[in-house]
Amino acid sequence: MITVISKNKLYTDALCDALKEMDAKSYNNDREFGEALIIAMDQELTDKILSEEVSCPVLLIGSTHEEADIELTVPCELEELKLHLTSLINKKNTAPVFENKRFLFEGAKRRLFDKKAKKD
């Protein structure tokens, strides 16, 4: 599931409809992030959401943030968006996991755990 978030409901719904036409996967516009997160055209919303921990790949349309995996300018073509989403999801599904006696790194979640301290 790919989550699409924007303050403009009409834009969000249009983007979700366009994504549905390109692929058989389901898409939503709620706050439970799935395989990828798309935040569209709102820098304030982008900063707010990405100030918290987001464990899925993030694609931004029309805004920038250091935590984003991909940033697209407006306007962007749907085929370009599809290629980037496919790349992000494939990268997430093959993300590495490394572990030693003390640390565990989960590439998909972009997190490093200290097993002895029982916290990240």
Side-chain angles (χ1 to χ4, degrees):
M1 184 173 302
I2 297 172
T3 304
V4 178
I5 298 176
S6 175
K7 281 187 179 177
N8 184 328
K9 182 170 175 19
L10 184 61
Y11 186 86
T12 301
D13 292 345
L15 188 54
C16 286
D17 289 345
L19 292 171
K20 285 177 189 175
E21 290 175 11
M22 291 191 297
D23 199 301
K25 292 182 181 180
S26 61
Y27 299 88
N28 69 7
N29 57 2
D30 63 26
R31 298 291 174 124
E32 293 183 24
F33 308 139
E35 292 179 276
L37 169 63
I38 299 173
I39 305 174
M41 300 183 24
D42 191 317
Q43 187 65 49
E44 184 180 323
L45 186 59
T46 298
D47 293 339
K48 180 179 178 185
I49 291 172
L50 295 183
S51 67
E52 302 168 10
E53 183 176 321
V54 176
S55 61
C56 66
V58 177
L59 186 145
L60 301 179
I61 301 173
S63 59
T64 62
H65 196 279
E66 61 190 22
E67 294 293 320
D69 294 289
I70 296 177
E71 299 171 353
L72 298 177
T73 58
V74 175
C76 67
E77 294 186 18
L78 289 176
E79 284 303 314
E80 179 184 15
L81 176 62
K82 182 181 177 184
L83 287 172
H84 285 295
L85 280 174
T86 302
S87 171
L88 282 177
I89 291 169
N90 288 341
K91 195 183 306 182
K92 177 188 178 218
N93 291 337
T94 60
V97 174
F98 301 106
E99 185 172 9
N100 64 21
K101 291 181 183 179
R102 181 163 180 187
F103 294 104
L104 170 66
F105 172 74
E106 294 179 343
K109 293 182 179 179
R110 297 186 281 178
R111 297 185 69 182
L112 178 66
F113 297 94
D114 182 346
K115 296 188 297 190
K116 291 185 179 183
K118 300 290 184 201
K119 59 183 175 181
D120 319 351

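What you are looking at is a predicted structure, and each value in this text was computed from that prediction instead of being measured. Values below: all heavy atoms of this structure, side chains included; hydrogens, waters and symmetry mates excluded.
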- [ ] Mind running side-chain contact (heavy atoms from CB on, under 4.5 Å) on I39 and I49 for me, showing each step along the way?
- [x] CA-CA 9 Å; I39 305 174; I49 291 172; 4.1 Å; yes
Open item on the list: side-chain contact (heavy atoms from CB on, under 4.5 Å), that's the test. Do E44 and K7 meet it? Break it down for me.
Closed with: CA-CA 10 Å; E44 184 180 323; K7 281 187 179 177; 3.9 Å; yes
- [ ] Dump the intermediate steps for side-chain contact (heavy atoms from CB on, under 4.5 Å) on D13 and K9, then the final yes or no.
- [x] CA-CA 6 Å; D13 292 345; K9 182 170 175 19; 2.9 Å; yes
Task: side-chain contact (heavy atoms from CB on, under 4.5 Å) assessment of D114 paired with L112 - done: CA-CA 7 Å; D114 182 346; L112 178 66; over 6 Å; no
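Using modelled atom types, one side-chain atom of T46 and one backbone atom of D42 make a donor-acceptor pair closer than 3.5 Å. Formation of a donor-acceptor pair under 3.5 Å by the E71 side chain with backbone atoms of G62 is not found in this model.
Looking at heavy atoms from C-beta onward, L15 lies in side-chain contact with I38 at the 4.5 angstrom threshold.
Summarising the geometry, atom CD belonging to E66 is positioned 9.5 Å from atom CG belonging to L50; distances are rounded to the nearest 0.5 Å. Taken from NZ in K82 to CD in E77, the straight-line distance is 14.0 Å, to the nearest 0.5 Å. Rounded to the nearest 0.5 angstrom, L37 CG and L59 CG are separated by 9.0 Å. Here the straight-line distance linking atom CG of L45 with atom NE2 of H65 works out to 11.0 Å at 0.5 Å rounding.
At a threshold of 4.5 Å between side-chain heavy atoms, the hydrophobic network of Ile, Leu, Val, Met, Phe, Trp and Tyr places L72 and L83 in two separate groups. Criterion: ILVMFWY side-chain heavy atoms under 4.5 Å apart, direct or through other members. Under it, L10 and M41 are not part of a common hydrophobic cluster.
The two atoms that bring Y11 and I61 nearest to each other are OH-CG2, 3.8 Å, heavy atoms only. Here the shortest heavy-atom pairing between I5 and T12 reads C-OG1, 4.2 Å. Looking at every heavy atom in both residues, N100 comes nearest to K115 through O-NZ, 2.7 Å. When all heavy atoms are compared, the tightest approach of S63 to Q43 is CB-OE1, 3.2 Å. Between S6 and A40, the shortest heavy-atom distance links the atoms OG-O, 3.3 Å.
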